[in-house]
Novice: 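Submitted below is the structure of interest, expressed as structure tokens.
Chain naming here is simple, since letters A, B, ... match the order of the sequence lines and numbering starts at 1 in each. What you are looking at is a predicted structure, and each value in this text was computed from that prediction instead of being measured.
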Amino acid sequence: MYLGWAALLELVLVSTLNGVLYGMLLFLMASGLTLIFSMMGVLNFAHASFYMLGAFFGFQISQFTGFWPGLVLAPLLAGVIGALIERYGLRNVHRHGHVAELLFTFGLAFVIEEVVQIIWGKLPLDYRIPPSLDFSAFTIFSTNYPAYKMFMLLFAIGIFVALLLVLTRTRIGLIIQASLTHPHMVGMLGHNVQRIFMLVFGLGCALAAVAGVIAGPALVTQSNMAALLGPILFVVVVIGGLGSLSGAFVASLLIGLLQTFAVAVNLSTADAFGWFGIHTNPLPFLSDIWFVTVAQIGPIMPYLLLVLILIFRPTGLMGTRDT
Amino acid sequence: MSEGAQTASMGRSASGILATALRYAAWVVLAALVLTLPKMFTSSFAFTLLSLMGISIIFALSYNMLLGQTGMLSFGHAVYYGLGGFIVVHAMNTITKNSLPIPLPLMPLVGGVAGLFFGIVFGSVSTRRGGTAFAMISLGLGELVASSALILRSFFGGEEGITTNRTKLLRIFDWSFGPQTQVYYLIAIWCFICVLAMYALTRTPLGRMCNAVRDNFERAEFVGYNPQFVRFLAFSLSGFFAGIAGGLAAINFEIVNSSYVGAEQSGTVLLAAYIGGVGFFSGPIIGAILVTWLQVMLSDITEVWQLYFGLLFVGMVMFAPFGISGLLMMHAPLWHARVLWRLVPAYLLALAAGLVMLTGVSLLIEMAHHLSTKTSEGPMMSFMHVPFSVHSFLPWLVAAVLVIGGYFFFRLTWPHVEGAWHTALMKAREHGSAA
Amino acid sequence: MSAIELSGVTKNFGRTEIIRGVDLSVRVGERHAMIGPNGAGKSTLFNLISGRLRPTAGAIRLRGEEITGLRPYEINRRGLSRSFQVTNIFPRLSVWENVRCAVLWSMGYKYSFWHNIDSLADVSERTELILRQINLLDRRHFPAGVLTYAEQRALEIGITVGGGAEFILLDEPTAGMSRAEAEHAVALIRKLSEGRTLLIIEHDMSVVFNLADRISVLVYGKIIASDEPAKIKSSRAVQEAYLGTAA
């Protein structure tokens with residue numbers, strides 16, 4: 001298929017914007033996940049569940065007060081719940097080892113999904129974009145780019161800047177940085193490491209919830225949100241390298257862009273072979289693969305990338321720590 | 001109660017010749033039991049349930065080859081189960097279409113070979129990492145295969161899946177395998193073979209090195225073994241047995257669809273193995289039986305049985321990480337010293353208090369569920385055959401009292417349990433069965 | 001040809017030089033001790049020889065064959081076995097199983113999943129022999145994790161020699177032991193290393209001078225002396241760096 005240059009440029013620009021946005025959302029979650037993993041050694045399987053809780057809390061609050069209070073309250077609520085879970089749940093499991101911790105968060109994810117289904121049901125919720133942002137920010141050729149999406153992008157970047165400032169410029173941020181690599185030493189220096197763990201866990205969950213609050217209106221708010229996004233999130237951190245924040249950043253953007261572009265491109269294997277003059281399927285029993293389009297592979301691209309990384313660079317793009 | 005003591009006493013009791021003879025006898029008794037169960041439970045429901053349990057046992061044991069024996073936590077084990085099932089239905093359909101002289105009882109082996117094949121292929125990439133990374137990789141691979149189900153439609157059959165007919169294959173002894181009783185015997189015999197085989201595997205050099213790699217990956221390297229290769233072998237072999245389970249499931253249900261390879265199936269086998277206890281060979285067997293039974297029974301009693309499952313799992317991770325088999329084996333030294341009866345009064349008290357608390361929790365959950373999802377049906381509901389209105393204050397008060405009061409009394413019983421354990425343990429030490 | 005030979009071995013961690021050009025030669029059949037102050041890099045050297053770490057530069061040879069950069073199991077299969085300063089056993093396996101795991105590869109059973117291990121008489125015999133030598137035979141059914149510290153150190157040695165390695169590396173085997181336990185350990189080590197090549201890291205000077213045929217002194221990543229015990233004792237450089245002079 002031959003696109004005109006303008007249409008091609010439009011496709012590229014819009015997809016880049018969308019891809020970066022998706023990548024930013026992923027990183028919003030992956031950063032919290034990596035912080036928790038780096039400090040406590042446990043990969044929070046329920047991380048995507050807090051993303052979901054953010055969306056649902058945001059929806060529920062917006063039913064009473066509109067979108068904006070929800071933006072602040074929902075992550076706060078999710079963060080508090082996360083901190084409580086760390087204090088009364090995870091901390092007790094810690095002594096049984098990392099496998100038990102991972103299984104605990106796995107069970108937690110399961111329970112959270114069931115509870116959300118009980119309270120809100122299984123159907124998608126009508127979580128609306130706030131009217132103040134419901135217009136088109138600008139137009140790229142023939143596509144209207146929604147202002148809300150620009151808001152999402154800018155808000156996510158704002159959160160990162162704030163996080164970076166807190167981590168590097170405040171006292172508590174420095175203590176957190178130290179606890180990331182030397183929790184024992186920090187404890188010896190008189191800081192309450194247990195409380196820092198609780199704080200970081202709550203912070204990580206709050207970050208995931210923020211992603212949920214802002215993504216909820218744009219994407220679908222439904223009880224299977226966590227199950228859909230969870231695997232992609234974990235694949236992102238493995239590809240980036242477990243424990244590496246910069247790796248998570250690169251991997252998030254990479255997968256965000258890859259998936260977005262894949263969906264936009266409507267090439268099939270047959271088309272690709274056609275470029276080389278091959279018009280009939282040489283392997284008829286693999287006809288599924290012959291007709292599959294890049295768009296259809298979009299959802300599984302992260303996993304294909306995972307396999308590639310495992311073959312060529314098993315510790316991840318910027319992997320530092322092996323578990 | 002030290003792990004060392006219980007293993008020590010087990011070791012001492014297992015080293016006698018009498019014990020060895022007893023172990024062989026145990027297998028014979030097991031075989032007899034499996035064959036005569038149908039005589040004891042004759043309803044068709046029982047056959048269905050037993051068939052499901054048989055499949056689940058093989059699957060859960062294959063999972064424990066990874067988790068309990070080699071220390072590899074996988075979130076995507078259903079891939080090998082499901083792909084085994086898919087290959088078997090395709091094979092069965094091909095055999096039927098071409099009238100090949102291959103009888104049904106051999107089909108699970110086809111599933112096993114398929115599971116082995118995919119275990120080798122996927123294992124070569126996924127066993128490059130261990131620990132948390134491996135767990136996430138298994139999750140990713142599971143999603144990869146499950147998502148591919150909608151792309152590779154001719155193999156996976158799209159949303160409907162692939163169906164087959166198990167009665168159309170070559171008949172031996174005039175068995176059509178139409179009736180569930182005959183399917184039960186097929187599953188039961190394969191289950192017995194697989195359990196025996198997997199147990200035997202634990203008594204081989206590879207089986208022992210799997211445990212060594214689990215305990216100390218690095219040290220295994222310094223005694224001459226490539227620990228990554230050990231993991232790879234364990235992974236491939238566990239895929240083999242998972243494939244057999246999948247093949248039996250394909251035969252049992254006569255349909256295979258993408259849910260066979262999905263995350264939910266992977267989660268269920270993890271639950272079953274863990275609840276049963278990953279530290280003992282019998283653990284996953286217990287877990288498989290229990291979880292299958294719960295899945296079938298609970299779903300009739302309450303709509304939110306999945307929540308109960310999840311809570312049970314979280315509870316076990318927090319308070320009983322060694323599973324049911326771990327809990328049972330903990331009492332082994334006391335059993336040997338014949339002082340187990342000392343625990344009974346304290347246990348009964350704790351159990352009663354715990355049940356009160358759990359009843360309250362369950363009441364709360366059911367009422368919350370009714371309130372939020374069944375508003376169209378009105379406020380009336382019943383709990384344990386007692387009808388009441390969700391809108392009235394009394395049931396909520398009762399629930400609160402049960403939960404808080406029950407928890408309060410439950411905590412009160414703990415010192416009694418501890419005291420009973422203390423005395424019993426002292427007696428056991430005198431007897432010599434505890435360290 | 002020497003048993004173990006290091007030529008110009010260097011190891012950097014980032015920009016920090018830990019091993020700075022080490023040349024060492026251990027003769028076949030000798031008992032060679034390595035001493036030096038804490039932080040000199042002795043354990044790092046062991047890690048380099050046994051394959052746990054890769055040298056930044058230089059070559060390591062075992063019986064003339066280059067083993068630089070090989071994986072630990074490849075080096076172990078060539079006849080070199082090492083113990084660890086921090087006890088590195090299989091905690092949930094029984095004492096018997098710990099030693100048996102060390103025995104398996106050298107007896108040729110490799111990754112077999114078709115042999116019933118309990119019926120392998122040669123494996124059982126050798127395991128029993130080793131356990132008898134390290135005096136843990138009557139504790140054989142206990143999980144290794146519940147043993148006392150000294151018992152675990154003995155087990156550590158048992159795992160190291162279980163495979164019948166020709167070249168044995170022991171990293172501070174008597175650390176944390178009482179005088180009596182250390183004497184016992186030395187007798188055990190002397191017996192187990194008969195006819196083999198032993199390289200041992202030690203801080204206990206009585207053990208060193210009791211056991212060693214030759215001693216090498218490692219200070220700040222360099223070997224400052226490598227000679228017979230008497231010459232080492234009287235060397236000024238060694239006294240200044242490590243031993244100290246008589247008060």
Novice: Supply the atom-to-atom distance Gln306(B) CD to Gln117(A) CD, rounded to the nearest 0.5 angstrom.
Specialist: 7.5 Å
Novice: Identify which of Ile119(A), Ile232(A), Ile297(A), Leu90(A) forms the greatest number of heavy-atom pairs closer than 4.5 Å to chain B.
Specialist: Ile119(A)
Novice: Does Glu264(B) have more than 12 heavy atoms from other residues, nucleotides or ligands lying within 6.0 Å of its CD?
Specialist: no
Novice: Between Ala146(B) and chain A, with a heavy-atom cut-off of 4.5 Å, which part of the residue counts as in contact: side chain, backbone, both or neither?
Specialist: neither
Novice: Within residues 103-113 of chain A, which positions have a heavy-atom distance to chain B below 4.5 Å?
Specialist: Leu103(A), Phe104(A), Phe106(A), Gly107(A), Leu108(A), Phe110(A), Val111(A)
Novice: Taking atom CG of Leu307(B) and atom CD1 of Ile118(A), what is their separation to the nearest 0.5 Å?
Specialist: 4.5 Å
Novice: What part of Tyr274(B) is in contact with chain A, defined as an atom under 4.5 angstrom from a non-hydrogen atom: side chain, backbone, both or neither?
Specialist: side chain
Novice: To the nearest 0.5 Å, what is the distance between CG on Leu228(A) and CD on Glu143(B)?
Specialist: 8.5 Å
Novice: Select one option (side chain, backbone, both, neither) describing which atoms of Phe319(B) are under 4.5 Å from chain A's heavy atoms.
Specialist: neither
Novice: For Tyr88(A), which atoms come within 4.5 Å of any heavy atom of chain B: side chain, backbone, both, or neither?
Specialist: backbone
Novice: Report which part of Leu312(B) has an atom under 4.5 Å of a heavy atom belonging to chain A: side chain, backbone, both, or neither.
Specialist: neither
Novice: Kindly give the heavy-atom pair with the smallest separation between Arg128(B) and Ile311(A), and that separation in Å.
Specialist: NH1-O, 3.2 Å
Novice: Heavy atoms only, distances under 4.5 angstrom: which of Leu271(B), Ile365(B), Ile137(B) has the most pairs with chain A? Name it, please.
Specialist: Ile137(B)
Novice: Just how far is it from atom NE2 of His98(A) to atom CG of Leu73(B), taken to the nearest 0.5 Å?
Specialist: 13.0 Å
Novice: Taking every heavy-atom pair that is under 4.5 Å apart, which of Leu67(B), Leu150(B), Leu270(B), Leu141(B) has the most such pairs with chain A?
Specialist: Leu270(B)
Novice: Of the non-hydrogen atoms in Ile300(A) and Ser147(B), which two are nearest, and what is the gap between them?
Specialist: CG2-CB, 3.0 Å
Novice: As an exercise, state the distance from CZ of Phe234(A) to OG of Ser138(B), rounded to the nearest 0.5 Å.
Specialist: 11.5 Å
Novice: Under 4.5 Å from any heavy atom of chain B, what part of Pro314(A) do you find: side chain, backbone, both or neither?
Specialist: both
Novice: Given heavy-atom pairs under 4.5 angstrom as the criterion, report whether the side chain, backbone, both or neither of Val307(A) touches chain B.
Specialist: both
Novice: Is the number of heavy atoms from other residues, nucleotides or ligands under 6.0 Å of His96(A) NE2 greater than 12?
Specialist: yes
Novice: With side chains defined as the heavy atoms from C-beta onward, is the minimum distance between Thr132(B) and Phe37(A) less than 4.5 Å?
Specialist: yes
Novice: Which bit of Val304(B) comes within less than 4.5 Å of chain A, counting heavy atoms only: side chain, backbone, both or neither?
Specialist: side chain
Novice: Run the side-chain contact (heavy atoms from CB on, under 4.5 Å) test on Leu102(A) and Met136(B) for me, step by step, so that the C-alpha distance in whole Å, both residues' side-chain angles and the decisive distance to 0.1 Å come before the verdict.
Specialist: CA-CA 11 Å; Leu102(A) 189 53; Met136(B) 293 304 116; 4.2 Å; yes
